[in-house]
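Following: one structure in structure tokens, then a few remarks.
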Amino acid sequence: MNWITRTYYQLQRWWKAIRLYLIIAGPGVVVMIADNDAGGITTYAATGSKYEYYLIWFLLLLIPVAYYVQEMTVRLGAITKRGHAEAIFDGFGAFWGWFSLLDLLLIDWLTWVTEFIGMTSALAIFGVPAWATVAGVCALMGFIMLNGRYWTWEKIAMAFCALNLIYIPGAFMVHPKVSDIFAHGLLPNFPGGFNAELFFFLMANIGTTIAPWMLFFQQSSVVDKGLQGSTEAAEAIAGATRFVEAVEFALQIHGSK
């Protein structure tokens, strides 16, 4: 019985450690997985469809960029104890503070446009009219904002984040040629030359990796949770090393097939 008791308490300790890790890392993971939205998935799939494996190297270059943006944001929140907007107002004045907020408002509105396009298009497959989709989503968002607790919805969002993992086995189901991935995808190149169309796709991939709202949301979450300087690295690493890059990689493979 002693080994059963020891095993039980060891599992309890591991579960508590995992829960603590998820509490700390939650906003970082949610922020980065949220980039795999309708616009993001369309971008990765379209890139793979247009250029096959040839731009995978560019996607890999965005991993350290995402890491340092995440780390910077978490450190700012942990050290200054201010949200992103408040830190900008305090450090750079009212002009840049309002500029950042108006920029956030514009980008968020454009992002919402892509989200509703994705949702209406997806549910149209099942015969749901666009107006019903828009009304239903607006009602759900209103309910979340007025009645839900942040911690509850963060847990639900984490569960939805886990569903993104389905793209990884899906990439293997299309039987990609590993030799082609290594031969064409990992060597920096510009297929067809560096032209306006290629530049558009490169900028689209950057835009789906780093967005203004993620900085505001994550830094506010760090301040709200009261993370200290000793714990900010855990969230930064959790969010920035992110398995979402593996999902994006898989989506480009899907698109190339």
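Remember, predicted model here, so these are calculated numbers, not experimental data. Numbers here simply count residues along the sequence, with the first being 1.
In this model, a donor atom of one side chain and an acceptor atom of the other lie less than 3.5 Å apart for T47 and N205.
Listed by first then second residue, pairs satisfying salt bridge (Lys or Arg N to Asp or Glu O under 4.0 Å) with a partner in residues 186-200 read K50-E197, not counting sequence neighbours.
The side-chain contact (heavy atoms from CB on, under 4.5 Å) search around A135 returns none, not counting sequence neighbours. By the ring-ring contact (aromatic ring centres under 6.0 Å, His included) test, F116 is found to be paired with W112, residues two or more places apart in sequence or in another chain being considered. By the side-chain contact (heavy atoms from CB on, under 4.5 Å) test, P191 pairs with Y51, Y54, L55, N189, sequence neighbours left out. Under the rule for a side-chain contact (heavy atoms from CB on, under 4.5 Å), the partners of F182 that lie at least two apart in sequence or sit in another chain are V178, L186. With sequence neighbours excluded, no residue forms a ring-ring contact (aromatic ring centres under 6.0 Å, His included) with F126.
Criterion: ILVMFWY side-chain heavy atoms under 4.5 Å apart, direct or through other members. Under it, M141 and V113 are not part of a common hydrophobic cluster. Follow the hydrophobic side-chain contacts under 4.5 Å out from F190 and you reach F200 in the same cluster. Follow the hydrophobic side-chain contacts under 4.5 Å out from F92 and you never reach L76; the two are in separate clusters. No single ILVMFWY cluster, assembled from side-chain heavy atoms under 4.5 Å apart, contains both V137 and W131. No path of Ile, Leu, Val, Met, Phe, Trp and Tyr side chains, each step under 4.5 Å between heavy atoms, connects I117 with M119, placing them in separate hydrophobic clusters.
Nearest heavy atom pair, residue A87 against residue Q219, reads CB-NE2, 3.9 Å. Considering all non-hydrogen atoms of both residues, G83 and S220 come closest at CA-OG, 4.2 Å.
Taking the side chain as every heavy atom from C-beta outward, F201 and T43 never approach each other to under 4.5 Å.
When hydrophobic side chains of Ile, Leu, Val, Met, Phe, Trp and Tyr are connected at separations under 4.5 Å, L187 ends up as a singleton with no cluster partners.
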Would you list the atom pairs, donor with acceptor, under 3.5 Å between side chains in residues 95-111 and any protein atom, with sequence neighbours excluded?
| residue | atom | partner | partner atom | Å |
| --- | --- | --- | --- | --- |
| S100 | OG | W96 | O | 3.3 |
| S100 | OG | G97 | O | 2.6 |
| T111 | OG1 | I107 | O | 2.8 |

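In this structure, I88 CD1 and L215 CG are separated by 8.0 Å, a value rounded to the nearest 0.5 Å. Annotation: the span from L202 atom CG to L61 atom CG amounts to 10.5 Å, rounded to 0.5 Å. How far CE of M203 is from CG of L198: 9.5 Å, rounded to the nearest 0.5 Å.
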